[in-house]
Protein chains: 2
Amino acid sequence: MGRHREFDLDKALDAALTMFWQKGYEGTSFEDLTRVTGVARPGLYAAFGNKEALFRKALDRYDAKYMTFMSDALGEPKVYDVIRRILEGSVKVQTLGGSSRGCLGVNGAVACSDEAEPIRQELIARRNATEAALRARLKRARQEGDLPPSADCAMLAGYVMTVSQGMAVQAKAGASKATLAAIVAHVLATWPSSASKRMRAAR
Amino acid sequence: MGRHREFDLDKALDAALTMFWQKGYEGTSFEDLTRVTGVARPGLYAAFGNKEALFRKALDRYDAKYMTFMSDALGEPKVYDVIRRILEGSVKVQTLGGSSRGCLGVNGAVACSDEAEPIRQELIARRNATEAALRARLKRARQEGDLPPSADCAMLAGYVMTVSQGMAVQAKAGASKATLAAIVAHVLATWPSSASKRMRAAR
DNA sequence: TCGTTTTAGTAATGGTCATTATAAAAAACT
DNA sequence: AGTTTTTTATAATGACCATTACTAAAACGA
């Protein structure tokens, strides 16, 4: 029934994702999107809806394609490995291919016009959901004795997210993978689960 | 010689600064600026130049008015107090008046269009200058025995900037002053200058 | 008081933005 | 082959963007 699409939906979405990742939601124009996807404007509208809908689809794809390390990390049995995989995974994605990518969840919209506010709120909600999942995982670790009984799980979850998002800003600004990896190593060395590791960090 | 200005230059610049702080460089329209300053478009152009020039002047004012804690901190004799004042000062500015401000240096532009790229580069340059100053201060501390001889000053400076910028993202997203203060306390407790403090953090 | 100088406000400018009518082209089904 | 359906590409739409002529008004010096 009818003519079929000449462009690949997934390829177009990947291209749009790359553009949003680089320039953020507001910084990306529809002309950018048509150029990078190779699809004329009406084609994008027909396939994905308007710019906001396209961004949300790109965001879903980003989660599915680049943020899987997060759920993998949460599944680690030892909390130290949870944190290690989260932070190492963050660095890997943020400096993918040696480029200065940062994180779409941060690049997308930090401060923006009123028009883009729904997108900013969406990104905040997703980051908060991630932090909540990590917080729950830390509480489990505390119950299991994998964290000290006095550990402030909410604070620690916020701390890890802070480091991850801070690295995202630095990565987008050009920080190298090695630079960020050193910071990750320091965070791990000062992680409150193992006294021996902290001793090593002191020297 | 001629009529004199009816509006206060400093007040207008402060108003523009507030707007840029909230919505970033690209997210702020000239209409926003005229509304919040109460000055008609040509008045702003005559007084400050175009939007980019106005942003740079607002950025200078931001440094002079809100970032003074940084040079104050660097002047502290003990490196622990340097870090403490940097992080506590960051939190104070980022949550000023209980609002979700974040940091102009981050909000201004993380990812943006090609047109705003010069502004993004300017912000990167300023953040790098801050990190370089901190790095130099840490090296001095290491020479003075205020940090372990093996301390990686470049990494530690990058780490502190990462935490500060990460908190800026979180503050803009609505994190409370208390939430951020708890994170700062953790960073200080794990700071590699004092073994006793690390012991306390373990419990 | 008169002319000069600078500001203020109105409104226009060209450009770009996201979004869509329109119409031609191509594939599928009858 | 003919009809229908869907996707293309061209190009138009109105809104908003930063920027600026232009005109009127106000304050200064003479």
Side-chain angles (χ1 to χ4, degrees), chain A residues 1-13 15-20 22-59 108-109 111-120 122, chain B residues 1-13 15-20 22-59 108-109 111-120 122:
Chain A
M1 41 196 274
R3 179 178 181 174
H4 32 46
R5 230 186 302 269
E6 284 190 358
F7 67 93
D8 187 306
L9 265 180
D10 283 346
K11 290 213 174 226
L13 187 53
L17 163 56
T18 301
M19 206 66 224
F20 281 129
Q22 183 191 332
K23 298 191 177 182
Y25 176 68
E26 281 197 307
T28 301
S29 71
F30 227 93
E31 197 197 354
D32 288 329
L33 296 169
T34 58
R35 194 187 60 250
V36 80
T37 58
V39 179
R41 279 173 267 264
L44 288 180
Y45 277 95
F48 302 107
N50 66 7
K51 185 183 170 185
E52 182 174 337
L54 175 51
F55 181 85
R56 289 177 194 273
K57 288 191 170 71
L59 193 55
C112 61
S113 71
D114 294 341
E115 193 209 352
E117 188 64 17
I119 291 297
R120 190 177 80 90
E122 171 74 23
Chain B
M1 41 194 278
R3 179 176 179 174
H4 33 46
R5 231 187 301 269
E6 283 191 359
F7 68 92
D8 187 306
L9 266 178
D10 283 346
K11 290 212 173 223
L13 188 53
L17 163 57
T18 301
M19 206 67 224
F20 281 128
Q22 184 191 331
K23 297 190 178 182
Y25 176 68
E26 280 198 308
T28 301
S29 70
F30 228 93
E31 198 198 355
D32 288 329
L33 296 169
T34 58
R35 194 186 62 250
V36 80
T37 58
V39 178
R41 279 173 266 263
L44 288 181
Y45 277 95
F48 302 106
N50 66 7
K51 186 183 171 186
E52 181 174 337
L54 175 50
F55 181 84
R56 289 178 194 272
K57 289 191 170 68
L59 195 54
C112 61
S113 72
D114 295 341
E115 193 209 352
E117 189 65 18
I119 291 297
R120 189 177 81 92
E122 169 74 22

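All figures in this text were calculated on a predicted structure; none of them were measured in a lab. Here is the naming used below: chain letters follow the sequence lines, and residue numbers restart at 1 for every chain.
- Geometrically, A:Lys51 does not engage A:Phe20 in a cation-pi contact defined by less than 6.0 Å to the ring centre and at most 45° from the axis.
- A residue-by-residue look at A:Pro42 and A:Glu31 shows that A:Glu31 has its nearest nucleotide of DNA chain C further toward the 5' end.
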Distances for protein N or O near nucleotides 12-14 of chain D N or O, under 3.5 Å:
none

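- Distances shorter than 4.0 Å separate some side-chain N or O of B:Tyr45 from OP1 or OP2 on D:dT19.
- The NZ atom of B:Lys51 sits 16 Å away from the P atom of D:dC16 (whole-angstrom rounding).
- Phosphate contact (OP1/OP2 of C:dA18, side-chain N/O of A:Asn50, threshold under 4.0 Å): absent.
- As a whole-Å value, the separation of B:Phe7 CZ from D:dA27 P is 15 Å.
- Heavy atoms of A:Thr28 sit under 4.0 angstrom from primed sugar atoms or phosphate atoms, though from no base atom.
- Atom CZ of A:Phe55 and atom C1' of C:dT19 are 19 Å apart (whole Å).
- Here the P atom of nucleotide D:dT7 and the CG atom of A:Asp8 are 14 Å apart, to the nearest Å.
- The NZ atom of B:Lys11 lies 13.0 Å from the OG1 atom of B:Thr37; values are rounded to the nearest 0.5 Å.
- If you check every strand for non-hydrogen atoms under 4.0 Å, B:Thr34 touches nothing.
- Under the 4.0 Å criterion applied to side-chain N and carboxylate O atoms, B:Arg35 and B:Glu31 are not assigned as salt-bridge partners.
- When the P atom of C:dT6 is taken as reference, atom CZ of B:Arg5 falls 12 Å away, rounded to whole Å.
- A:Tyr25 has its OH atom 9 Å from the C1' atom of C:dA18, to the nearest Å.
- Here the P atom of nucleotide C:dT16 and the CD atom of A:Glu26 are 18 Å apart, to the nearest Å.
- Note on ring orientation: taking the six-membered ring where Trp is involved, the planes of A:Tyr25 and A:Phe55 are perpendicular (angle over 60°, cut-offs 30° and 60°).
- Proximity of A:His4 to the phosphate of C:dA28: a side-chain N or O atom is located under 4.0 Å from OP1 or OP2.
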Checking side-chain contact (heavy atoms from CB on, under 4.5 Å) for the pair A:Ile119/A:Arg56: CA distance, chi angles, key distance, verdict?
-> CA-CA 8 Å; A:Ile119 291 297; A:Arg56 289 177 194 273; 4.3 Å; yes

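- As rounded to whole Å, 14 Å separates atom C1' of C:dT16 from atom CG of B:Asp114.
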